[in-house]
Participant: 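Dropping a structure here in structure tokens format, bear with me for questions.
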Amino acid sequence: MSDFAHVFETPPEGAAADWTIPQDWSAYTPVEHQTWDTLYARQMKILPGRAAEVFMKGLNALDLNTGGIPDFAVMNPKLQALTGWTVVCVPGLVPDDVFFDHLANRRFPSGQFIRTPDQLDYLQEPDIFHDVFGHVPMLTDPDFADYMEAYGKGGQRAASLGMLPNLARLYWYTVEFGLMREEGQLRIYGAGIVSSATESVFAVEDASPNRIGFDLERVMKTLYRIDDFQQVYFVIDSIDALKAVTLQDFGPVYERLQGAETIAIDAILPSDDVITRGNQAYAIEGGRFAA
Ligand code: HBI
Ligand code: FE
């Protein structure tokens with residue numbers, strides 16, 4: 001878990017042994033509720049036609065636009081009825097084994113806090129808007145719900161085999177930054193994209209990034225960046241297809257990956273199914289932090 005700014009070693013004061021904390025919904029301030037509404041309204045102008053149908057349908061089913069930050073006591077029964085998942089609150093990033101244990105038991109850990117109004121576009125740690133708006137709609141899909149549970153179960157094993165960096169890349173390039181083919185177009189399903197106004201446009205329309213057909217072992221070897229827009233997106237044919245390829249025993253996959261070279265973020269290989277060959281202009285110009 002070295003990729004992120006800070007993670008506590010033990011549950012902070014007030015957190016349970018599994019790192020959960022109460023949502024304490026009544027304690028959110030009017031400004032915090034307004035921040036949710038602002039972010040929600042902004043994404044709804046951008047996502048239709050760009051986000052996958054399965055995401056839009058899930059968002060709609062959860063009814064997250066009733067005014068302010070969703071109350072988990074209201075949201076969870078709807079989610080649970082659809083796929084058996086629930087959302088629990090955590091103080092921020094939690095250790096890998098804690099994260100995996102929640103997922104393996106169909107609990108999605110969400111940050112309890114929301115970003116401040118001066119940080120609408122960039123934050124280091126996942127907040128409740130990223131976690132709930134970004135991740136939870138996909139958890140209403142039965143196949144995606146199974147995929148996430150399998151990831152939690154696979155995480156413990158990957159960690160014990162020293163293969164966690166490889167498995168984390170799979171999560172990154174699907175759950176966080178995945179694209180899928182839909183109606184002859186590229187559509188977003190990754191939570192890191194759908195929860196970002198700027199990346200929602202960049203990911204599907206910008207000429208900079210490469211867009212490559214999903215290949216499990218290729219993805220598990222590909223480095224990624226956590227500080228800016230991605231330089232490559234991987235495109236699945238359907239959630240069903242993603243689930244099918246990840247349901248196999250990863251033992252032989254890990255054996256092949258053991259000692260294999262990593263792949264640079266901007267690489268295009270002869271074996272790649274290239275959907276868009278990006279010009280990488282955004283990254284070359286210095287990206288988000290360009291002077
Ligand atoms: N904790 N709260 C939270 N949210 C995450 O997305 C998260 C985490 N801990 C570890 C983690 N993600 C990833 O590094 C693992 O998938 C490897
Ligand atoms: Fe996330």
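In listed order, ligands and their atoms are each counted from 1.
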Participant: Compute whether any side-chain donor of one residue and acceptor of the other, for Asp240 and Ser238, lie under 3.5 angstrom apart.
Facilitator: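 Not at all, the side chains of Asp240 and Ser238 share no donor-acceptor pair under 3.5 Å.
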Participant: Could you go through the ring-ring contact (aromatic ring centres under 6.0 Å, His included) check for Trp172 and Phe177 one step at a time?
Facilitator: CA-CA 6 Å; Trp172 193 260; Phe177 292 97; 4.9 Å; yes
Participant: Any idea which part of Tyr151 is under 4.0 Å from ligand 1, heavy-atom wise: side chain, backbone, both or neither?
Facilitator: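 Near ligand 1, Tyr151 shows its side chain, while the N, CA, C and O stay back.
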Participant: Please check: side-chain N/O of Arg106 versus main-chain N/O of Trp85, any donor-acceptor pairing under 3.5 Å?
Facilitator: no
Participant: Does the residue Gly111 have a heavy-atom contact with ligand 1, meaning some pair of atoms that are separated by less than 4.0 Å?
Facilitator: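 Gly111 does not count as a contact of ligand 1 under the 4.0 Å cut-off.
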Participant: Are a donor atom and an acceptor atom from the side chains of Gln34 and Thr38 found within less than 3.5 Å of each other?
Facilitator: yes
Participant: Is the shortest distance from a Lys or Arg side-chain nitrogen in Arg277 or Asp272 to a carboxylate oxygen in the other one below 4.0 Å?
Facilitator: no
Participant: Can you tell me how far apart CZ (Phe214) and OG1 (Thr246) are? Round to the nearest 0.5 Å.
Facilitator: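 Rounded to the nearest 0.5 Å, the CZ-OG1 separation comes out at 7.0 Å.
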Participant: First locate atom OG1 of Thr174, then atom OH of Tyr151, and finally report the distance between them rounded to the nearest 0.5 Å.
Facilitator: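 Here the rounded value is 8.5 Å.
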Participant: Looking at ligand 1, does any of its N/O atoms fall within less than 3.5 Å of an N/O of Phe100?
Facilitator: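 No.
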Participant: Hey, which protein N/O/S atoms does the Fe ion (ligand 2) have under 2.8 Å?
Facilitator: His130 NE2, His135 NE2, Glu176 OE1, Glu176 OE2
Participant: Would Asp141 and Tyr147 count as having a side-chain donor-acceptor pair, cut-off 3.5 Å?
Facilitator: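 No pair is found: no donor N or O on one side chain lies under 3.5 Å from an acceptor on the other.
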Participant: Quick one: which of Val90, Val94, Leu93 has a heavy atom closest to atom 9 (N) of ligand 1?
Facilitator: Val94
